[in-house]
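Note that the structure is a prediction, hence the values are computed from the model and not measured.
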Amino acid sequence: MLHYFIFLIKVKLNMTFYIFGAAHENSKNPYLFNLKRALINLGMISHNEYFPKLGVIDFFRNIRTGIWIINWPENIYSNRFGFFQSIIYIFIMFLIGRYKKIVWIYHNKYSHHNSNLLSRFCQIMTAKFSYFTITHSESGKSYYIDRFNLTNIYYFPHPIYQDFIADTKSSILFDYIIWGEIVPYKKLHSFLEFVKNTRAINNKKILICGKCKDEKYLTMIKNLLSDNIILIDEHLNDNALSYYIHSSRCILFTKYDSSLISSGALIYSISFDKCILGPAYGIFHEFKTLNMIDTYNDYDDLINYSFQKPDLNARKSYCTNYNWDSFAQFISNKILEKK
């Protein structure tokens with residue numbers, strides 16, 4: 001009875017929501033599905049009961065929904081018929097967006113893949129008509145304020161993808177593991193060029209695992225491999241990835257480009273009892289100040305790196321406090337505060 005009463009209140013307050021994008025369980029990126037499930041568990045009503053197939057046209061199928069939750073609008077241009085989709089999206093924001101409670105989750109400063117005028121204008125229009133914006137990085141918050149001259153942005157740490165996993169004491173097969181989708185903006189090629197030209201690190205065993213859809217870039221990567229580097233060009237399931245992480249001394253993040261605000265791969269990685277090493281800027285620097293990971297300034301720092309053990313208490317605390325349910329509650333609270 002109480003649950004039904006809460007349901008009626010949510011409907012009356014128009015707490016129905018639509019998540020733009022693939023928010024289904026089998027999506028390659030589980031972020032949207034986890035968010036959708038947490039909001040539903042909180043009692044909000046979802047209008048994502050189908051797999052989106054029409055891109056931005058899906059906004060029209062959700063025109064009666066009270067809350068639009070938007071992620072990665074800068075990537076619309078990189079999708080099929082991206083030019084036309086971007087134009088339609090801009091008009092949707094201008095004509096309809098002003099009448100919606102738009103929650104923008106601000107992941108990137110700009111597109112990793114195709115940062116052009118239309119891509120950036122999609123972000124500008126989203127910022128202009130957002131009820132409020134959320135970012136998972138303190139540096140992302142300050143960048144947003146400076147770029148858009150708006151202060152309607154809140155910081156909430158990126159929710160974890162799994163509970164903390166203790167070390168299984170597996171045999172160590174690799175010194176470094178680099179995992180995740182292989183794309184040019186992560187600049188893996190620069191790291192491999194460093195390894196190839198630096199004799200002092202040629203004795204390190206390195207595993208690279210992740211799918212590369214860009215055949216030209218994959219060929220470049222393969223040409224830079226040496227005897228101490230193994231490449232697994234496929235998207236690993238959780239069990240396989242967990243095995244390889246446990247078989248490595250350290251999870252390494254290469255020097256991404258400056259578009260990065262937060263990193264889902266980093267959040268996934270802190271659930272493991274493993275050393276993590278990333279470049280000393282952005283979200284990596286923020287996690288360094290929390291004593292959860294180590295950072296480097298240049299790849300030369302890797303030559304004498306001693307594989308420092310993480311502060312497990314700091315990681316366990318993060319995993320306890322920042323889950324999807326607490327994130328959904330944060331979003332709901334902000335919506336209700338602004339009524």
Side-chain angles (χ1 to χ4, degrees), residues 19-21 28-32 34-35 69-78 102-116 118-161 178-181 183-188 251-270 276-290 292-293 295-297 318 321-324 326-328 330-331 334:
I19 297 179
F20 173 59
K28 181 180 67 174
N29 185 340
Y31 184 98
L32 299 184
N34 288 341
L35 175 58
I69 300 176
I70 298 177
N71 296 261
W72 300 289
E74 66 275 10
N75 289 342
I76 292 173
Y77 188 88
S78 300
I102 292 177
V103 178
W104 181 19
I105 303 178
Y106 186 47
H107 296 277
N108 301 316
K109 294 178 180 177
Y110 45 86
S111 175
H112 295 318
H113 311 289
N114 203 336
S115 181
N116 55 28
L118 265 182
S119 170
R120 292 175 184 248
F121 200 60
C122 285
Q123 286 189 313
I124 292 171
M125 293 297 284
T126 310
K128 179 176 178 60
F129 294 109
S130 287
Y131 201 49
F132 60 86
T133 299
I134 297 173
T135 183
H136 297 311
S137 165
E138 290 283 10
S139 61
K141 180 178 178 179
S142 58
Y143 182 85
Y144 177 94
I145 293 171
D146 290 341
R147 179 183 175 191
F148 300 110
N149 196 27
L150 295 168
T151 58
N152 63 332
I153 184 167
Y154 302 97
Y155 165 67
F156 188 91
H158 196 304
I160 61 162
Y161 285 106
I178 301 170
W179 73 272
E181 186 179 9
V183 286
Y185 80 85
K186 294 183 180 180
K187 298 187 176 180
L188 175 61
I251 303 169
L252 177 65
F253 289 88
T254 52
K255 286 190 172 183
Y256 291 10
D257 70 23
S258 58
S259 64
L260 182 76
I261 289 179
S262 60
S263 168
L266 174 60
I267 300 303
Y268 188 94
S269 297
I270 65 168
I276 298 176
L277 189 58
Y281 55 75
I283 192 65
F284 300 103
H285 172 72
E286 292 176 28
F287 273 58
K288 167 65 174 178
T289 62
L290 298 173
M292 288 196 288
I293 71 169
T295 57
Y296 61 89
N297 293 305
Y318 187 99
N321 293 323
Y322 303 116
N323 54 47
W324 293 96
S326 60
F327 183 39
F330 181 83
I331 293 174
K334 290 301 177 186

Drop me the distance from [X]'s [atom1] to [Y]'s [atom2], to the nearest 0.5 angstrom.
| X | Y | atom1 | atom2 | answer |
| --- | --- | --- | --- | --- |
| N71 | L35 | CG | CG | 7.0 Å |
| I102 | F20 | CD1 | CZ | 11.5 Å |
| K109 | Y144 | NZ | OH | 15.5 Å |
| I270 | L290 | CD1 | CG | 9.0 Å |

Next on the checklist: Pair C122, E74 - check side-chain contact (heavy atoms from CB on, under 4.5 Å), show working.
Outcome noted: CA-CA 6 Å; C122 285; E74 66 275 10; 5.9 Å; no
Next on the checklist: Whether the side chain of E286 engages the backbone of S137 through a donor-acceptor N/O pair (distance < 3.5 Å, no angle test) should be reported.
Outcome noted: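 The answer is no, because no donor-acceptor pair under 3.5 Å joins these two groups.
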Next on the checklist: Main chain of K186, side chain of T254: is a donor-acceptor contact present, judged purely on distance under 3.5 Å?
Outcome noted: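 Such a contact is found between T254 side chain and K186 backbone.
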Any residue meeting ring-ring contact (aromatic ring centres under 6.0 Å, His included) with [X], in chain and number order, not counting sequence neighbours:
| X | result |
| --- | --- |
| W72 | Y31, H107 |
| Y110 | none |
| Y77 | none |
| Y161 | H158, W324 |

Residues in side chain to side chain donor-acceptor pair (under 3.5 Å) with [X], at least two apart?
| X | value |
| --- | --- |
| T135 | none |
| N75 | S111 |
| K288 | D294 |

Next on the checklist: Take a 6.0 Å sphere around CG of N149 and say whether it holds more than 12 heavy atoms from other residues, nucleotides or ligands.
Outcome noted: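 Open: at most 12 neighbouring heavy atoms sit under 6.0 Å from CG of N149.
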Next on the checklist: Are there over 12 heavy-atom neighbours, none belonging to Y322, within less than 6.0 Å of that residue's OH?
Outcome noted: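 Atom OH in Y322 is not packed in, count stays at 12 or less.
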Checklist entry - Mind checking what makes salt bridge (charged side-chain N to carboxylate O under 4.0 Å, His left out) contact with K255, not counting sequence neighbours? => result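 K255 satisfies salt bridge (charged side-chain N to carboxylate O under 4.0 Å, His left out) with D298 only.
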Next on the checklist: Show the nearest heavy-atom pair for residues S269 and W179, with the distance to one decimal.
Outcome noted: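 Shortest heavy-atom separation between S269 and W179 comes out as OG-NE1, 3.1 Å.
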Next on the checklist: So, applying side-chain contact (heavy atoms from CB on, under 4.5 Å) with L266, which one of L260, I283, I251 is it?
Outcome noted: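 Of all the options given, the one that passes is I283.
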Checklist entry - Between Y281 and Y256, is a side-chain contact (heavy atoms from CB on, under 4.5 Å) present by the stated rule, with each step listed? => result CA-CA 10 Å; Y281 55 75; Y256 291 10; 4.2 Å; yes
Flag side-chain contact, heavy atom, 4.5 Å: [X] against [Y]:
| X | Y | result |
| --- | --- | --- |
| N108 | Y185 | no |
| I267 | Y318 | yes |
| I134 | F330 | yes |
| I331 | Y154 | no |
| V103 | F132 | yes |

Item to check | Verdict with reasoning, T133 to L150, per side-chain contact (heavy atoms from CB on, under 4.5 Å) | outcome: CA-CA 10 Å; T133 299; L150 295 168; over 6 Å; no
Checklist entry - Between R147 and R120, does a side-chain contact (heavy atoms from CB on, under 4.5 Å) hold up when you go through it step by step? => result CA-CA 11 Å; R147 179 183 175 191; R120 292 175 184 248; 3.7 Å; yes
Could you work out, with side-chain contact (heavy atoms from CB on, under 4.5 Å) as the rule, every residue matching [X], not counting sequence neighbours?
| X | value |
| --- | --- |
| N297 | A280, D301 |
| S326 | F156, N323 |
| I124 | F121, F148 |

Checklist entry - Pairs in or reaching into residues 130-144: which pass salt bridge (charged side-chain N to carboxylate O under 4.0 Å, His left out), with residues at least two apart or in two chains? => result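 Pairs touching residues 130-144 that pass the test: none.
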